[in-house]
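Contents: one structure, followed by commentary.
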2 protein chains.
Amino acid sequence: MISNATRSLSVTDHLRESILSGGLPAGTKLQEVRLSEELGVSRTPIRAALQSLAAAGLLDYVPNRGYVVREFPMSELVDAYEIRGSLEGLAARFAAERGLDDTQRTVIEQSLAAGHDLVTRSTTMNDHILRIVGQTNAAFHDTIMEASLNRLLSQMAQMSFQIPRVSNRNIIAFSLDELRQRHSEHYLIYEALLARSATKAETLMRNHVASVKFAAVRALRETR
Amino acid sequence: MISNATRSLSVTDHLRESILSGGLPAGTKLQEVRLSEELGVSRTPIRAALQSLAAAGLLDYVPNRGYVVREFPMSELVDAYEIRGSLEGLAARFAAERGLDDTQRTVIEQSLAAGHDLVTRSTTMNDHILRIVGQTNAAFHDTIMEASLNRLLSQMAQMSFQIPRVSNRNIIAFSLDELRQRHSEHYLIYEALLARSATKAETLMRNHVASVKFAAVRALRETR
DNA sequence: TCAATTAATTTTGTATACATTTTAAAATTG
DNA sequence: CAATTTTAAAATGTATACAAAATTAATTGA
């Protein structure tokens with residue numbers, strides 16, 4: 001189990017991971033004594049974790065009845081990308097308005113450099129590439145979200161990812177050509193941010209996420 | 001204290017209300033024993049409430065250090081209306097795509113009728129009007145959010161309101177003229193929903209919330 | 001005097017016992 | 001036998017005792 005400052009946090013991470021990975025499918029009832037025996041802790045940290053995951057929207061809770069892994073209809077998974085597009089678009093706008101600090105610029109430039117390397121050197125698409133791309137892509141998007149200086153927005157963006165089957169941020173393209181396209185979009189967004197062109201940054205980011213949506217939804221439909 | 005199925009939920013509601021109303025200002029440390037004595041319950045429901053409010057973004061939590069009412073900079077309060085505009089715009093789009101059921105149409109039509117009454121009969125702006133307007137306005141927006149059939153979106157919209165000083169949904173206009181404008185916007189949005197014009201509904205809703213933002217931000221700046 | 005260390009206190013984290021509610025099973029009744 | 005009621009079991013909610021960490025106060029030593 002993930003090691004953390006408190007057992008409650010460890011249990012929370014563990015259960016979240018189980019839900020997002022599909023190990024605990026929708027409809028699964030999470031019972032306190034059962035979990036406490038399985039995970040070797042008392043009911044107290046279990047309850048804390050369940051409450052936290054319910055607040056995060058992953059569990060349904062009915063007083064005196066307990067917690068159930070909630071259902072995520074396919075429509076909501078697809079919607080999640082629309083929502084993410086709006087939120088990340090806003091983040092890009094705010095980041096452009098407020099500017100990037102040195103660290104943020106560095107992180108983004110490293111992410112772009114890594115992306116450039118991958119895109120120019122690769123000859124065929126494979127899982128390894130997708131994994132690396134997922135990392136650099138996440139760094140790019142997370143940094144812009146951070147630069148928006150808005151915790152509410154960051155929290156919402158976080159939520160739009162913590163959904164089963166959507167939480168895999170690796171799939172943003174299928175072919176190398178698509179990947180090159182995504183990379184050039186990143187580059188244009190970064191330019192807009194540096195130029196402090198708020199509206200442009202927002203539009204570019206929104207369209208970028210819409211492009212990612214194509215690949216992600218295709219992956220969603222294929223895996224089931 | 002608010003009566004609920006469990007003490008935990010009552011405490012949660014009570015503390016949330018205290019934070020949103022400003023009774024517990026930013027930076028206030030919420031200590032378990034102190035609260036349990038004040039509210040006459042054990043630490044258990046107190047802890048449950050604190051965890052829940054932290055997950056909702058109202059409290060900052062540091063393991064082994066406890067919970068503190070988080071700071072909401074003015075910029076985030078203003079941003080909240082931008083976020084709300086995007087989210088409600090999406091909700092309007094989804095609602096138009098998916099259609100309204102009979103109950104939802106009825107609720108919205110009643111809200112529009114009440115709004116029409118108020119707008120045509122009133123001669124001067126006052127608190128009573130604002131209160132009624134707040135209610136009918138909330139019914140209108142909540143119903144569209146519900147019709148979006150997206151729980152994640154609803155949850156996020158909920159979050160964009162549960163912010164101190166933003167949580168007062170009554171102020172959407174200052175003059176009667178502005179109020180008439182808001183009302184006509186509602187009417188146009190409803191028309192777009194009935195016509196299943198998704199893009200139109202989204203744009204109208206986004207602009208509508210932007211208009212509300214003017215009044216709300218003016219109120220924000222005035223009250224401090 | 002003051003910095004560092006130690007000790008005491010306070011606060012949060014966890015386990016557990018008990019209370020209450022829900023759910024399942026058993027018994028009763030028509 | 002089916003439907004209802006009663007009873008038993010199991011699950012969640014709450015209180016409390018203890019453990020561990022953090023904070024504060026006291027002590028020590030240069």
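Residue numbering restarts at 1 for every chain, and letters A, B, ... go by the order of the sequence lines.
At least one side-chain heavy atom of A/Leu58 sits under 4.5 Å from a side-chain heavy atom of A/Phe72. Within the 4.5 Å cutoff, the side chain of B/His141 has heavy atoms near those of the B/His208 side chain. At least one side-chain heavy atom of A/Leu59 sits less than 4.5 Å from a side-chain heavy atom of A/Ile19. In this structure, the side chains of B/Tyr81 and B/Val166 come closer than 4.5 Å at one or more pairs of heavy atoms.
For DNA chain D, the neighbouring residues in residues 29-45 of chain A, judged by any heavy atom under 4.0 Å, are A/Lys29, A/Leu30, A/Gln31, A/Glu32, A/Val33, A/Arg43. Residues from residues 46-58 of chain B that place a heavy atom under 4.0 Å from any atom of DNA chain D: there are none.
Checking A/Arg7 against A/Pro63, the closest nucleotide of DNA chain C that is more toward the 5' end is the one next to A/Arg7.
Here the CZ-CG distance, from A/Phe161 to A/Asn168, works out to 10.0 Å after rounding to the nearest 0.5 Å. Rounding to the nearest 0.5 Å places OG1 of A/Thr136 at 11.5 Å from CD of A/Gln110.
Rounded to a whole Å, the CG atom of A/Asn4 is 14 Å from the C1' atom of C/dG13.
When heavy atoms are screened at a 4.0 angstrom cut-off, B/Tyr67 is found touching no nucleic acid atom at all.
We find that A/Glu109 and A/Arg105 are not joined by a salt bridge, their nearest charged nitrogen and carboxylate oxygen being 4.0 Å or further apart. With respect to the salt-bridge test (charged N to carboxylate O, under 4.0 angstrom), the residues B/Glu76 and A/Arg151 do not qualify.
No donor-acceptor pair closer than 3.5 Å links the side chain of A/Ser52 to the backbone N or O of A/Ala48.
If you walk DNA chain D from 5' to 3' and mark each nucleotide with an atom closer than 4.0 Å to a heavy atom of chain A, the marks span D/dA11 to D/dT14.
Minimum interatomic distance between A/Val69 and A/Pro25 (heavy atoms only, all atoms of both residues): CB-O, 3.5 Å.
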